[in-house]
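Ligands are counted one by one from 1 in listed order, and the atoms in each one are counted from 1 as well.
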Amino acid sequence: MGIGENVRNILSQLPAGVNLEIAAKSREAYEIEEAIRAGARIVGENYVQEAEKVIPMVKSQAEWHFIGSVQENKLNKMIRLFDMIETIGSVEMAKVLDKKCQIFGKKMNILIEVNSGKEPQKSGAMPEEVEGIVREISKFSNVKIMGLMTMGPAVEAEKLRPYFKLTKELFDHIRDQRIENVEMKILSMGMSDSYIVAIEEGSNLVRIGTKIFGPRVYKR
Ligand SMILES: *Cc1c(COP(=O)(O)O)cnc(C)c1O
């Protein structure tokens, strides 16, 4: 099956209100273009260097999200390239981003990445710290929190359920606090192997790579 057909298949499976983000790391511009022409609207990229090369080559309109690990020395480029950064995990990083956005005269939409498996080697905020981090970041005027994102541990889909549940609970709880300058609209959870479980647990943005483009030449 081709990329376009894969996109149409997945789009037809998604319940109303759930959006598709194509995870485009390692993919060529023409492949991304094909997915957008089939109806994909949001493209996720993990590496600034790749995004810099590919974004100007993709002529179809799309929303570009950064889903990789954020490095401070790449923030200027990221502000130029991306419409949303899904992987902000600390007040410190958000503060630097806020300052740089001010210089660029741009307001950046962000998601707070939750380390829902509390894995020491992984990025993202610890679940118990998320609300406090959201409250601090809400004071910055050049970044706007739009929701939460999580990966969860590298386990089979069914075993990811508790991590998705935890992240959804945080999402609902923070939304109910009605914090000024914070919108809890986007809950980004689920990948090729886990998006169905993630949707059952409340995801409204699924990030899908392999199931659309086929196996990658390198791994995440
Ligand atoms: C690669 C990647 C995905 C998609 O993974 P697949 O298993 O190829 O669907 C989703 N989210 C992030 C953050 C990724 O790096």
Check: In terms of atom number and element, which parts of ligand 1 are under 4.0 angstrom from non-hydrogen atoms of Thr210?
Finding: 6 (P), 7 (O), 8 (O), 9 (O)

Item checked: Atoms of ligand 1 close to Ile208 [distance to a heavy atom under 4.0 angstrom, numbered from 1] -> 9 (O)

Check: Between the side chains of Ser188 and Arg207, does any donor sit under 3.5 Å from an acceptor?
Finding: yes

Checklist line | Ligand-side contact atoms (ligand 1) for residue partner Met151, heavy atom cut-off under 4.0 Å | finding: 12 (C), 13 (C)

Notebook entry, point to check: Quick check: does Ile67 get an N/O under 3.5 Å from an N/O on ligand 1?
Noted result: no

Notebook entry, point to check: Which atoms of ligand 1 are found less than 4.0 Å from any heavy atom of Gly209?
Noted result: 4 (C), 6 (P), 8 (O), 9 (O)

Check: Without hydrogens or angle criteria, can the side chains of Ser60 and Glu33 be said to hold a donor-acceptor pair below 3.5 Å?
Finding: yes

Item checked: Ligand-side contact atoms (ligand 1) for residue partner Lys25, heavy atom cut-off under 4.0 Å -> 1 (C), 2 (C), 3 (C), 14 (C), 15 (O)

Notebook entry, point to check: Between Glu45 and His65, do the side chains contain an N or O donor and an N or O acceptor separated by less than 3.5 Å?
Noted result: no

Check: Between the main-chain N or O of Ala157 and the side-chain N or O of Ser194, is there a donor-acceptor pair closer than 3.5 Å?
Finding: no

Notebook entry, point to check: Do Arg135 and Gln177 meet the criterion of a side-chain donor-acceptor pair at a distance under 3.5 Å?
Noted result: yes

Check: Hey, is Asp193 one of the residues with a heavy atom under 4.0 angstrom from ligand 1?
Finding: no

Next item on the list: Provide the number and element of each atom of ligand 1 under 4.0 Å from a heavy atom of Asn46.
Entry: 14 (C), 15 (O)

Note to self: So which atom in Asp83 and which in Ala62 form the shortest heavy-atom distance, rounded to 0.1 Å?
What the structure shows: OD2-O, 4.1 Å

Item checked: Arg216 heavy atom under 4.0 Å from ligand 1 -> yes

Notebook entry, point to check: Quick one: does ligand 1 sit under 4.0 Å from the side chain of Lys211, the backbone, both or neither, non-hydrogen atoms only?
Noted result: neither

Checklist line | Subset of ligand 1 atoms that lie under 4.0 Å from at least one heavy atom of Arg207 | finding: 4 (C), 9 (O), 10 (C), 11 (N), 12 (C), 13 (C)

Item checked: Short side-chain to backbone donor-acceptor contact, Lys106 and Ile79, under 3.5 Å -> yes

Note to self: Is there a side-chain hydrogen bond (donor to acceptor under 3.5 Å, both in side chains) between Tyr195 and Gln13? Walk through the geometry before answering.
What the structure shows: CA-CA 11 Å; Tyr195 72 99; Gln13 288 175 8; 2.6 Å; yes

Item checked: Region of Ser192 that comes within reach of ligand 1 [heavy atoms, distance under 4.0 Å] -> both

